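Only one structure is covered here, and it is reproduced in the block below.
Treat the numbers as computed from the prediction; the structure is a model and nothing was measured. For ligands, and for the atoms within them, numbers begin at 1 and follow the listed sequence.
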Amino acid sequence: MVVRAVVTGTGHYLPERVVENAEFEKTLDTNDEWIRARSGIERRHFAAEGETTSQMATCAARNALKDAGLQPSDIDAIVLATSTADFTFPSAATMVQAELGMENGFAFDVQAVCAGFAYALANANALIISGQARRVLVIGAETFSRIMDWTDRSTCVLFGDGAGALVLEAQDGQGTPADRGILSTDLNSDGRYRDLLYVDGGVSTQSTGVLRMQGNKVFRHAVEKLAKTAEKALEKAGLTPADVDWIVPHQANIRIIQGTAQKMGVPMEKVVVTVQDHGNTSAASIPLALSVGRERGQIKQGDIVVTEAIGGGLAWGAVVIRW
Ligand code: ACO
């Protein structure tokens, strides 16, 4: 008998304001056709003035708790993936804990940029299988609109804001790939590539800074590293790409999503795609896509779901879940 971290609830939140590609034509030398063709993005949501990462995370968490039929007091821990926490500290996770009215348990943030949700899932899984926690809220939430250079057409058209959340609960399994829950995780980083994607501010500069990216160089790393980490995670779980029901990738660029699926030999009918409506929401993109994928009726109990993501660091990883 082994303990497995089983997904028992999903939820998400998107800010009200929707910005279509055409809006950027007013202020930048860009157009809807370029953005669609190069990235697959058609629109994205931007947080309202004063709307914060922890507020969006709290909304997503409430929706996931409702889906799981649980109260905040049932939760032992909150793991929140974000690179855009409201403040340098405390963590956004502790702010969510307070907003939910949780007086028990513990909460912390995980920062691995766009790979953040894979890292958060791996951490939450470790807390559950080690017996430290039985029920964990795993959240990805971002307000990347606050770290954009609005004069840089090569980055500001790509990102969006939002939040997604999962509830993970400890359940007994047999230790085989037939078990429900997280079956394997695979995490990687290589700090030598830090200059490809970073924010040029922070505590050491006493400014928030804006995102800088050498997009085409990140692109070249993405497909190869994503397919490799997904295949490694599947192998650890005792599975192959032929067993996959759904790939739920980080939603950065439709061409990366298609390239990775093709490299793995998985048809696009088995890929959950939300990039057209959300843009790149960094650590929020996978839990958003998982929640939307469930709402659409794509992901069902018993399905093998593979999530994979890459981002600043570079940091990348994959998680295999039997839903
Ligand atoms: N509108 C019109 N033209 C543009 C725009 C725009 N919005 N942005 C760039 N261009 C131009 C460039 O200036 C360049 O022109 P030039 O040839 O005259 O110099 C041309 O388009 C091609 O630029 P590339 O950067 O080579 O275009 P590419 O096909 O690589 O697409 C993109 C750019 C969409 C950024 C792509 O490289 C990409 O998706 N990269 C990966 C991003 C990613 O996955 N990041 C990781 C996650 S993010 C995170 O961790 C926070």
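Of all atoms in ligand 1, listed by their number and element, those nearer than 4.0 Å to a heavy atom of Ala252 are 44 (O). Near Val218, the atoms of ligand 1 lying under 4.0 angstrom from a non-hydrogen atom of the residue are 43 (C), 45 (N), 46 (C). Atoms of ligand 1 lying under 4.0 Å from at least one heavy atom of Asn253, given by number and element, are 34 (C), 36 (C), 38 (C), 39 (O). Residue Met213 approaches ligand 1 through these ligand atoms, each under 4.0 Å from one of its heavy atoms: 42 (C), 45 (N). Annotation for ligand 1: atoms under 4.0 Å from non-hydrogen atoms of Val113 are 49 (C), 50 (O), 51 (C). Annotation for ligand 1: atoms under 4.0 Å from non-hydrogen atoms of Ile256 are 41 (C), 44 (O). Interface atoms of ligand 1 facing Val157, defined by a heavy-atom separation under 4.0 Å, are 7 (N). Close approach to His250 involves these atoms of ligand 1, each under 4.0 Å from a residue heavy atom: 47 (C).
In this structure, atom 17 (O) of ligand 1 is not in close contact with the protein, since no protein heavy atom lies within 4.0 Å of it. For atom 14 (C) of ligand 1, the nearest protein heavy atom lies 4.0 Å away or farther.
A distance of 6.0 Å or more separates the ring centres of Phe117 and Trp316.
When the heavy atoms of Glu142, Arg255, Arg38, Arg220 are ranked by distance to atom 24 (P) of ligand 1, first place goes to Arg38. Summarising the contacts of atom 8 (N) of ligand 1 with Phe219, Phe24, Trp34, the nearest heavy atom is found in Trp34. Nearest to atom 49 (C) of ligand 1 by heavy-atom distance, out of Cys114, Gly312, Gly311, Gly40, is Cys114.
Side-chain contact check for Asn253 and Arg38: no donor-acceptor pair (N or O, by modelled atom type) lies under 3.5 Å. Donor-acceptor pairing under 3.5 Å is lacking for the side chains of Thr30 and Arg153. Counted by atom type alone, Asp303 and Trp323 present zero donor-acceptor pairs between their side chains at under 3.5 Å. Counting only N and O atoms by type, the side chains of Glu142 and Thr84 include a donor and acceptor under 3.5 Å apart. No side-chain N or O of Asp277 forms a donor-acceptor pair with one of Thr274 less than 3.5 Å apart.
Between Ile310 and ligand 1, no pair of N/O atoms sits closer than 3.5 Å. Geometrically, ligand 1 and Gly215 share a nitrogen or oxygen pair separated by less than 3.5 Å. For ligand 1, one of its N or O atoms has an N or O atom of Arg153 under 3.5 Å away. Where the criterion is an N or O separation shorter than 3.5 Å, residue side chain and backbone included, Asn280 fails it with respect to ligand 1. Looking at Asn31 next to ligand 1, no N or O pair under 3.5 Å apart turns up.
In Thr155, neither the side chain nor the backbone holds a heavy atom less than 4.0 Å from any atom of ligand 1.
A salt bridge links Asp67 with Arg294: at least one charged nitrogen is closer than 4.0 Å to a carboxylate oxygen. Using a cutoff of 4.0 Å between basic side-chain nitrogens and carboxylate oxygens, Asp186 and Lys236 are scored as salt-bridged.
When hydrogens are left out, the protein atom nearest atom 1 (N) of ligand 1 is Thr30 OG1, 2.6 Å; that is the closest non-hydrogen contact. Nearest protein neighbour of atom 35 (C) of ligand 1, counting heavy atoms only, is Leu158 CD1, 3.6 Å. Taking atom 30 (O) of ligand 1 as the reference point, the nearest protein heavy-atom neighbour is Asn216 CB, 3.5 Å.
Between Phe46 and Trp150, the angle of the ring planes goes over 60°, which puts this pair in the perpendicular group of the 30/60° scheme.
Between Thr155 and Arg212, every side-chain heavy-atom pair lies at or beyond the 4.5 Å cut-off.
Residues forming a ring pair (Phe, Tyr, Trp, His ring centres under 6.0 Å) with Phe144 (at least two apart in sequence, or on another chain): Phe159. Applying the side chain to side chain contact (heavy atoms under 4.5 Å, CB included) test to Phe87 and every residue at least two apart in sequence or in another chain returns Met95.
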Checking side-chain hydrogen bond (donor to acceptor under 3.5 Å, both in side chains) for the pair Thr143/Asp161: CA distance, chi angles, key distance, verdict? CA-CA 5 Å; Thr143 41; Asp161 302 335; 5.4 Å; no
